[in-house]
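Below is one structure, written out as structure tokens; the observations come after it.
Basis for what follows: all heavy atoms, side chains included, without hydrogens, waters or symmetry-related copies.
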Number of protein chains: 2
Amino acid sequence: MDTKSLIIDVATNLFQQKGYKGVGLNEIIKACNISKGSLYHHFPNGKEELLIACLQLLNEEITKDIVEIFERYPTTREAAEAMISKLVENFEAEGTLTGYTFSSIVSEMASLSEPVRNACAQLYQKIQAIYMEKLLADGFTKDKANAIALMMTASIEGAMLLCLTQKEAEPLKIISQLLPKML
Amino acid sequence: MDTKSLIIDVATNLFQQKGYKGVGLNEIIKACNISKGSLYHHFPNGKEELLIACLQLLNEEITKDIVEIFERYPTTREAAEAMISKLVENFEAEGTLTGYTFSSIVSEMASLSEPVRNACAQLYQKIQAIYMEKLLADGFTKDKANAIALMMTASIEGAMLLCLTQKEAEPLKIISQLLPKML
DNA sequence: AGTTAAAAACAGACCGGTTGGTATGGTGGA
DNA sequence: TCCACCATACCAACCGGTCTGTTTTTAACT
């Protein structure tokens with residue numbers, strides 16, 4: 001893997017675990033076994049540029065993952081259940097939700113940096129769009145589909161937060177059980 | 001107001017806006033017009049002790065606010081709608097949700113500090129308990145009430161995140177419209 | 001009530017360490 | 001020869017935290 005991709009990969013993980021301010025450049029370059037010069041060669045505008053690159057990678061990865069699941073199952077209900085159970089598995093195995101959430105970055109940076117806020121907004125938008133497409137295929141009206149897609153995004157994101165604080169996967173499981181009621 | 005309360009008050013605001021790592025002690029003491037010695041007199045164990053004190057204050061304030069609303073309205077549905085519309089008003093007036101959320105602290109610190117994680121877990125628990133009590137009064141079974149209370153907590157918290165990233169109050173509004181469906 | 005000593009509250013200089021960021025120089029391949 | 005790529009040394013600014021010393025409040029005793 002080329003150096004730039006390596007940096008993005010490692011930094012994405014660290015940012016998700018510890019938040020933006022919680023990770024120093026020194027920590028990143030040590031984890032990558034590279035030098036500071038190398039990092040600033042690939043990201044001349046420094047840490048924030050790197051963060052945005054990470055958010056873009058995350059965007060692609062999360063989107064790809066969700067799209068795949070939503071293509072495999074016939075209805076929104078089944079797809080959502082499969083998606084959440086995958087989240088639960090991941091959480092119970094690793095104790096984190098790395099790769100699926102970026103709430104720490106949102107709440108840290110949304111009010112501090114417009115570019116970062118925008119990148120996060122796009123990511124949520126993309127996820128929501130996937131849900132919505134499936135909901136439309138299920139026969140919902142545009143308005144209904146939009147509202148339900150938003151509800152799904154919000155409740156899943158919120159449930160992730162609850163799982164992290166409680167160190168239990170139950171919140172996600174309960175959300176999964178309750179989702180059909182909205183459909 | 002005594003110095004200690006002042007510190008907690010100012011720090012709570014700053015932490016909510018910029019996250020834990022995003023606020024330095026120097027920024028806090030400057031905003032309070034006090035000295036470092038004074039801060040460490042009241043919080044000898046430093047920044048983390050201060051944060052936990054802030055979370056406890058937040059706990060009381062949020063709880064008090066929610067309880068008041070839930071006492072004023074006869075059903076969970078009406079109370080929840082009133083509560084969310086208050087959030088919306090606050091967000092549209094000030095552009096922030098200070099005083100109502102602490103997701104930045106959760107996602108930043110949950111994996112780094114057990115005491116902080118615990119304080120956050122307690123806060124969520126308390127909020128959920130208020131919802132649940134009302135739901136039981138509405139006639140739901142214990143299991144149903146528990147599940148719905150969790151769903152409410154998660155979706156509202158998630159909607160706040162979405163509002164912050166989008167700079168719009170719509171997510172909260174839509175959640176409010178959709179909540180009756182679950183009841 | 002007046003004196004005094006202890007304790008609480010506060011001030012600010014200072015510490016080692018780390019932060020994000022820069023400047024310069026080397027190296028290998030085209 | 002040139003340039004992308006990387007390494008190193010270095011910087012000012014800031015971090016959380018400690019230190020010593022001063023002011024202010026409290027309480028006890030005569």
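- Within the 4.0 angstrom heavy-atom criterion, base atoms lie near B:Gly37.
- Between A:Tyr40 atom OH and D:dA7 atom P the separation is 16 Å, expressed in whole Å.
- Considering only side-chain N and O atoms, A:His41 lies nowhere under 4.0 angstrom from the phosphate OP1 or OP2 of D:dC6.
- Summarising the geometry, the separation between NE2 on B:His42 and C1' on C:dA9 is reported as 6 Å, rounded to the nearest angstrom.
- Within 6.0 Å of the CG atom in B:Asp143, the count of heavy atoms belonging to other residues, nucleotides or ligands does not exceed 12.
- Near DNA chain D, meaning a heavy atom under 4.0 Å from it, residues 16-32 of chain B has B:Val23, B:Gly24, B:Leu25, B:Asn26 in order of number.
- In this structure, A:Asn33 atom CG and D:dA7 atom C1' are separated by 13 Å, rounded to whole Å.
- If you take NZ of A:Lys36 and P of D:dC10, they are 14 Å apart, rounded to a whole angstrom.
- Side-chain atoms of B:Ser38 do not come within 3.5 Å of backbone N or O of B:Ser35 as any donor-acceptor pair.
- In this structure, A:Ile7 places its CD1 atom 11 Å from P of D:dC5, rounding to the nearest Å.
- Nearest heavy-atom pair, B:Phe102 versus B:Glu157, reported as atom, atom and distance to 0.1 Å: N-OE2, 4.1 Å.
- Between the C1' atom of D:dC5 and the CG atom of A:Leu6 lies a distance of 14 Å, rounded to the nearest Å.
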Would you be so kind as to tabulate the donor-acceptor pairs closer than 3.5 Å made by side chains of residues 173-183 of chain B, with sequence neighbours excluded?
unit_1, atom_1, unit_2, atom_2, d
B:Lys173, NZ, B:Glu92, OE2, 3.2

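- Taking atom CE on A:Met109 and atom P on C:dG20, their separation rounds to 11 Å, with Å as the unit.
- Environment of CD in A:Glu49: crowded, with over 12 heavy atoms of neighbouring residues, nucleotides or ligands closer than 6.0 Å.
- Taking the six-membered ring where the residue is Trp, the centroids of A:Phe70 and A:Tyr131 are separated by under 6.0 Å.
- One finds no side-chain N or O of A:Thr3 lying less than 4.0 angstrom from the OP1 or OP2 phosphate oxygen of D:dC5.
- For the pair A:Leu39 CG and D:dA9 P, the interatomic distance rounds to 18 Å; values are reported in whole Å.
- Under a cutoff of 6.0 Å and an axis angle of 45°, A:Lys134 and A:Phe140 do not form a cation-pi pair.
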